[in-house]
Protein chains: 2
Amino acid sequence: MKQIALYGKGGIGKSTTSANLSAALSDRGLNIMQIGCDPKHDSTRMLMHGKWIPTVLDLVRERGDKAISVDEVVFTGYNGIRCVEAGGPEPGVGCAGRGIIATFQLLERLDALYGDVVLYDVLGDVVCGGFAMPMRESYAREVYLVTSGELMSLYAANNICKAIQRLSRRSRCTCALGGVICNSANISGEKELVGAYARRIGSRLISYIPRDNIVRVAEVNKQTVIEYAPDSPQADVYRHLAEDIFENDTMTIPIPMETDELENLALEY
Amino acid sequence: MKQIALYGKGGIGKSTTSANLSAALSDRGLNIMQIGCDPKHDSTRMLMHGKWIPTVLDLVRERGDKAISVDEVVFTGYNGIRCVEAGGPEPGVGCAGRGIIATFQLLERLDALYGDVVLYDVLGDVVCGGFAMPMRESYAREVYLVTSGELMSLYAANNICKAIQRLSRRSRCTCALGGVICNSANISGEKELVGAYARRIGSRLISYIPRDNIVRVAEVNKQTVIEYAPDSPQADVYRHLAEDIFENDTMTIPIPMETDELENLALEY
Ligand SMILES: Nc1ncnc2c1ncn2[C@@H]1O[C@H](COP(=O)(O)OP(=O)(O)O)[C@@H](O)[C@H]1O
Ligand SMILES: Nc1ncnc2c1ncn2[C@@H]1O[C@H](COP(=O)(O)OP(=O)(O)O)[C@@H](O)[C@H]1O
Ligand code: SF4
Ligand SMILES: [Mg+2]
Ligand SMILES: [Mg+2]
């Protein structure tokens with residue numbers, strides 16, 4: 001079982017990349033599970049053809065976690081992909097981290113955490129103990145950073161590297177960095193910048209995903225690009241990424257940059 | 001004592017707006033304190049002429065909170081403004097919320113939490129119990145949302161409204177929404193969009209701040225716009241905002257929008 005997590009700043013393109021990645025992997029006949037770990041709970045929407053599925057946290061809040069069965073939290077989407085949304089704390093009162101932990105423990109108790117690939121789509125704006133949960137308890141073994149050439153998204157990616165480095169010192173933690181994905185924001189020189197950043201932290205740029213309007217058209221049709229426009233160049237990009245990630249066995253413990261260094265690197269491009 | 005908090009998505013312009021607001025208020029002879037509550041701990045940098053001040057969390061981690069004196073955490077910047085940085089959890093292991101709480105409790109114990117205006121600059125990407133802390137224990141009584149016309153920043157602002165609404169049901173909570181600030185991202189129609197959003201949630205657009213390159217030039221000179229270019233139109237905008245906020249006594253409990261409604265509103269402009 002390959003257990004991977006995509007981390008990145010809010011709005012950077014984690015869910016779009018995750019859903020297309022899952023779709024491309026399922027087209028190869030693999031058994032895929034995707035778990036959204038963002039309070040926005042829209043990670044699996046395009047796999048579910050636009051349907052908002054109930055979140056684990058909402059159910060646990062209403063009924064406690066004793067009475068919940070698998071089919072109330074795990075939904076089947078495109079090509080048999082099993083979809084789960086952890087959900088988020090009620091704004092202002094709960095802990096997003098505890099919600100993610102509750103979701104994993106429930107899925108384990110229900111024996112639902114299985115497949116050829118389990119993919120976690122995690123918000124990376126705040127890398128506190130809560131959102132680092134997927135990395136901590138050996139749920140995700142490979143982390144992929146989703147970023148663009150924008151300083152704020154590189155800053156968030158760098159924080160995630162700090163967490164991986166910090167957690168790798170714990171005996172039970174097996175997570176490492178699989179690579180960096182540049183989801184373009186149409187900033188000139190960003191491919192070179194993100195490539196340089198990936199090398200500086202001891203990793204590599206595993207994919208450059210162009211910004212393409214087909215993504216928004218597929219979204220309006222409530223499908224992934226893989227399903228909506230399988231012959232498009234963008235679908236090819238996602239298929240290549242799926243292959244690279246599935247075959248990838250080069251993991252590293254990143255060496256994060258200092259904030260001033262990162263700012264200087266961004267200025268060079 | 002006026003206790004205000006600026007909340008918004010990472011990178012939206014909270015710290016730039018906070019520092020210029022504090023500077024403009026200090027120019028009116030007021031005693032100002034600014035507390036950064038973002039793990040990025042760069043809230044007060046332009047008030048400190050580029051200096052990174054030590055964070056409360058770093059000190060507490062090293063020495064425990066018993067042995068810390070006021071002058072180790074409170075620094076005097078431009079025009080006598082007292083500056084504090086809460087700092088953030090070590091990526092991956094701590095809770096940002098507990099850090100913010102520890103900061104406030106320390107400042108209260110040291111009798112350092114005073115002034116005509118205390119301004120909290122808070123990250124609004126994740127509105128968990130941790131980051132809502134400034135709103136909860138009656139530290140901040142007036143919240144100002146910093147957003148642009150970009151959907152992700154409105155989404156974050158709407159989450160903050162949910163937290164204010166949820167917390168207002170608690171007897172000890174006195175926080176309410178003072179208004180919405182549109183910090184322009186040069187998106188066409190965003191002033192009208194953010195204005196419409198502010199009205200829909202039962203509040204108002206208190207300021208539209210143009211995107212102006214003078215902000216970046218002042219930043220390179222490690223100063224606020226108020227200090228670097230006091231006669232610029234941008235400095236005027238910040239001074240008007242300072243006056244509006246200082247005089248503002250109209251607070252509301254917001255009525256947040258549903259996510260689908262918000263997406264539809266954004267499509268209208
Ligand atoms: N490569 C791309 N090309 C065009 N639009 C994209 C691309 N990736 C993401 N988007 C758009 O950006 C928005 C945010 O992406 P999303 O995947 O929801 O981000 P996240 O999950 O990181 O918050 C989506 O509406 C999507 O349409
Ligand atoms: N009105 C503006 N005009 C031009 N640049 C701006 C403006 N407001 C903010 N910026 C720029 O945006 C960047 C992010 O702003 P910052 O205040 O650090 O955001 P936040 O505190 O919300 O993370 C800064 O580098 C700043 O130069
Ligand atoms: S651990 Fe993270 S998500 Fe949980 S309350 Fe603290 S800051 Fe919020
Ligand atoms: Mg997402
Ligand atoms: Mg800031």
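Naming convention: chains lettered A, B, ... in sequence-line order (proteins, then strands); numbering from 1 in each chain. Because the structure is a prediction, the values reported are computed rather than measured.
The minimum heavy-atom distance between B:Pro91 and A:Asn159, with the atom names listed, is CB-O, 3.4 Å. Nearest heavy atoms, B:Gly11 versus A:Met152: N-CE, 3.5 Å.
Residue contact with chain B, scored on non-hydrogen atoms closer than 4.5 Å, involves the side chain of A:Leu123 exclusively. Using a 4.5 Å cut-off between heavy atoms, B:Ile160 does not touch chain A at all. For B:Lys40, the parts sitting under 4.5 Å from any heavy atom of chain A are the backbone and the side chain alike. With a 4.5 Å cut-off on non-hydrogen atoms, B:Glu150 does not touch chain A at all. Contacts of B:Ser153 with chain A are absent, with no heavy-atom separation under 4.5 Å from either backbone or side chain. Looking at B:Asn158, there are no atoms closer than 4.5 Å to chain A (heavy atoms on both sides), in backbone or side chain. For A:Glu90, the parts lying near chain B are the backbone and the side chain together; criterion is any non-hydrogen pair under 4.5 Å.
Between atom CG of residue A:Asp125 and atom CZ of residue B:Phe131 there is a gap of 9.5 Å, rounded to the nearest 0.5 Å.
In the displayed structure, B:Glu268 atom CD is contacted under 6.0 Å by more than 12 heavy atoms of other residues, nucleotides or ligands. Other residues, nucleotides and ligands contribute more than 12 heavy atoms inside 6.0 Å of the CZ atom of A:Arg61.
Here the side chain of B:Arg136 pairs no donor or acceptor atom with the backbone of A:Val93 at under 3.5 angstrom. With hydrogens and angles disregarded, no donor-acceptor distance shorter than 3.5 Å links the side chain of A:Lys162 to the backbone of B:Gly92.
Counting heavy-atom pairs closer than 4.5 Å to chain B, the top residue among A:Pro256, A:Gly129, A:Ala132, A:Gly97 is A:Gly129. With chain A as the partner, the residue from B:Val126, B:Thr259, B:Leu167 showing the most heavy-atom pairs under 4.5 Å is B:Val126.
Using a 4.5 Å heavy-atom cutoff, the side chains of B:Cys128 and A:Cys95 are not in contact.
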